[in-house]
Amino acid sequence: MSDSNPIDALTALEAEALAAIEAAEDGDTLERVRVTYLGRSDGRISAILRGLGQLDPAMRPKVGQRANQVKSVVSTALEERSAALAGPAAAGGLDLSLPSRPRWKGGLHPITQAVDEIWHIFRDLGFSRARGPEADTEWYNFEALNTPLDHPAADEQDTLYLVDSVLLRSHTSPVQMRTMEQYDPPIRIIAPGWVYRRDTYDATHTPAFMQIEGLVVDEGVSFVDFKATLAEFARRYWGPDTQVRFRPSFFPFTEPSAEVDVKRVITRPDGSRHETDWLEIMGAGMVDPNVIANAGYDPERYTGWAFGMGPARIAMMKHGVDDLRTFFENDVRFLEQFS
Ligand code: PHE
């Protein structure tokens, strides 16, 4: 701006500002224009107003008046442009006030959620995660686990064979042996995975299902450790009032063996509390010394406990679902309740 003609300079500045406002296509650009001309610290119009004191006293009122006028014209233009950019016309005729279309949001399958929650509790108790192949040999699935092939559990009716002596594992217990072969004690693992049986598909059976194996082996491990760990797991998963019951049972690879039931306390919507029935959640027991020996560990020195848990059953119990098949038919209307 030349000192000799501040009024002309202001008029030029006004035209320049108005052109920049008109050219701004979005709010960010418009904001930059505002700062350039009207910014409090170094906006070009603001600077002129601030510099009035240095002008010849005779020119001061005129220049001041014109500068204020330019400031107000530019402010009004900024407001109008800002409103226009936000309005429907600015979006090429789109009505930006229309509610958006609903979008599908994915979620974890309820059985996956149960597996994760269970695994996370054991992880917090110091367990690692292990895995093994779904197609395994008779040795790992049966014989190494102290189960002769003529045992009813090894009967072909229950097991899906792929080729001679290779089968789809009928439980996650083969991961016990595979882990012990690979590592020295102490062992503390959780091994979730798919298992397969020749079961008829009905409300409580599917030919493929998830199991979660647990195994602890070390010196001096006793059934008391198992009971305490299981009780702690149950309280963390279902709440502090959960009770755990051990019933004698039989598995070829554990001695003694047990089936574990839980009884929960649920709070009804009206606030009343109610005890559920006992529900079986797993087979378990002290690892048979023959299994410890098959792993190459000294059975005089090492003892352990193991369990095989059914997360689908646990998810059914948790969500009050009474037909296992609903979990596998992938009807989104059913599944989306859990995400
Ligand atoms: N593998 C057994 C089953 O599938 C469960 C189990 C695991 C029992 C570990 C004892 C110890 O039924």
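Counting starts at 1 for both ligands and their atoms, following the listed order.
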(request) Quick one: list whatever passes ring pair (Phe, Tyr, Trp, His ring centres under 6.0 Å) with His205, sequence neighbours left out. (result) none
(message) I'd like to check the salt bridge (charged side-chain N to carboxylate O under 4.0 Å, His left out) partners of Asp331; sequence neighbours left out, ordered by chain and number.
(response) Arg333
(request) Please indicate whether Asp42 has more than 12 foreign heavy atoms, meaning atoms of other residues, nucleotides or ligands, lying under 6.0 Å from its CG. (result) no
Less than 3.5 Å apart, N/O on ligand 1 and N/O on the protein: could you list those pairs with the distances?
| from | atom 1 | to | atom 2 | distance (Å) |
| --- | --- | --- | --- | --- |
| ligand 1 | 1 (N) | His171 | ND1 | 2.9 |
| ligand 1 | 1 (N) | Ser173 | OG | 2.9 |
| ligand 1 | 4 (O) | Arg197 | NH2 | 3.0 |
| ligand 1 | 4 (O) | Gln211 | NE2 | 2.8 |

(request) Check whether any side-chain heavy atom of His171 sits under 4.5 Å from a side-chain heavy atom of Asn141, and report yes or no. (result) yes
Pairs of donor and acceptor atoms involving the side chains of residues 217-224, under 3.5 Å and at least two apart or interchain, shall be tabulated with distances.
| from | atom 1 | to | atom 2 | distance (Å) |
| --- | --- | --- | --- | --- |
| Glu219 | OE2 | Arg301 | NE | 3.2 |
| Glu219 | OE2 | Arg301 | NH2 | 3.1 |
| Ser222 | OG | Val224 | N | 3.2 |

(request) Determine whether the aromatic ring centres of Phe122 and Phe307 lie less than 6.0 Å apart. (result) yes
